[in-house]
Amino acid sequence: MRDVRMLGTGQLLEMQRRLRAAGNESLRASMQRRVRRAAEPLKSDLQSAIRHVPISSPGRSTRRGGPSPTTRPLRATLAEALRISVRTSAGSAGARVWVDKVLLPPDLRNMPDTINSGRIRHPVYGNRRRWVTQTAPPLWWDRAVRNHTPRMIREVARVLDDVRRRLT
């Protein structure tokens, strides 16, 4: 799974340089806040998507699972690890929505990629001799990003135009 980046680095970098040269820190902070706000609906949609993605298994019996061997809910743990960052440095200017894997338990660090692939293979209750394959609709991450990209591009362009007008 890739992180999501709203790039237009040339325009953002040029605008940041002009804001610094003008000494208008409040306008620069406002621009960063508005770019972050443009990415927040995507973060919310991704959190909702992971919280509601159906994970199923073919199942051999009519019994429906048992108690979880862990106390953490999988989907909520993944949803809480989503982050937004806005950067204005030369290498990576733009807004970025990403999964902060440091916030995930070590055994779940690859889980967002695994669920996005649509196939989750894991030991049954930690028993390394018995494995199960569960399925989820693939591309939950990609689908949400695709739906939000045009809106985010329009919003960032509007922010840049507003800042440009205020500078001239």
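What you see is a predicted model; the values in this text were computed from it and never measured.
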Pairing residues for Arg129 by the salt bridge (charged side-chain N to carboxylate O under 4.0 Å, His left out) criterion, not counting sequence neighbours: none
More than 12 non-hydrogen atoms from neighbouring residues, nucleotides or ligands closer than 6.0 Å to CZ on Arg128, yes or no? no
According to side-chain contact (heavy atoms from CB on, under 4.5 Å), who are the partners of Ala49, at least two apart in sequence or on a separate chain? Trp140
For Arg143, is there an ion pair with Asp45 - N to carboxylate O distance below 4.0 angstrom? no
Pro138 to Ser117 - nearest heavy-atom pair and separation: CB-O, 3.8 Å
Report the C-alpha distance between Gln32 and Val35 in whole Å, list the side-chain angles of each, state the deciding distance to 0.1 Å, and finish with yes or no for side chain to side chain contact (heavy atoms under 4.5 Å, CB included). CA-CA 5 Å; Gln32 287 182 318; Val35 170; 5.8 Å; no
One pair to check against side chain to side chain contact (heavy atoms under 4.5 Å, CB included): His148 and Val97. What are the steps and the verdict? CA-CA 12 Å; His148 283 272; Val97 178; over 6 Å; no
Please tell me whether Ile84 and Met152 are part of a single hydrophobic cluster in this structure, the criterion being side-chain heavy atoms less than 4.5 Å apart. yes
Sequence neighbours excluded, the answer for salt bridge (charged side-chain N to carboxylate O under 4.0 Å, His left out) partners of Glu40 is none
Could you tell me whether the side chains of Arg121 and Thr133 share a donor-acceptor contact shorter than 3.5 Å? yes
Is the backbone N or O of Asn110 less than 3.5 Å from a side-chain atom of Thr114, with the two atoms forming a donor-acceptor pair by type? yes
What residues, two or more places apart in sequence or in another chain, satisfy salt bridge (charged side-chain N to carboxylate O under 4.0 Å, His left out) together with Arg37? none
Would you find a donor on one side and an acceptor on the other, under 3.5 Å apart, between the side chain of Ser48 and the backbone of Ser44? no
Working to the nearest 0.5 Å, report the span between CG of Asp161 and CZ of Arg166. 13.5 Å
Write down the atom of Asp113, the atom of Lys101, and the distance for their closest heavy-atom approach. OD2-NZ, 3.4 Å
Nearest heavy-atom pair of Ala95 and Ala39: which atoms, and what distance? CB-CB, 4.3 Å
Neighbour count >12 (heavy atoms, 6.0 Å) for atom CZ, Arg51: yes
Exam field: side chain Asn116 to backbone Trp141, donor-acceptor pair closer than 3.5 Å: yes
By salt bridge (charged side-chain N to carboxylate O under 4.0 Å, His left out), Arg158 pairs with (sequence neighbours left out) Glu155
Quick check: does any side chain N or O of Arg151 sit under 3.5 Å from a backbone N or O of Ala38, one acting as donor and the other as acceptor? yes
With a 4.5 Å heavy-atom cut-off, do Thr77 and Met111 have their side chains touching? no
Per side-chain contact (heavy atoms from CB on, under 4.5 Å), Val99 is matched among Leu78, Leu104, Leu46, Ile50 by Leu104
Among residues at least two apart in sequence or on other chains, which ones pass side-chain contact (heavy atoms from CB on, under 4.5 Å) with Ile55? Val53, Leu74, Arg75, Ile115, Ile120, Gln134, Ala136
Any donor-acceptor N/O pair, Arg83 side chain to Asp100 backbone, under 3.5 Å: no
What one should report as the nearest heavy-atom pair of Trp131 and His122 is CE3-C, 3.3 Å
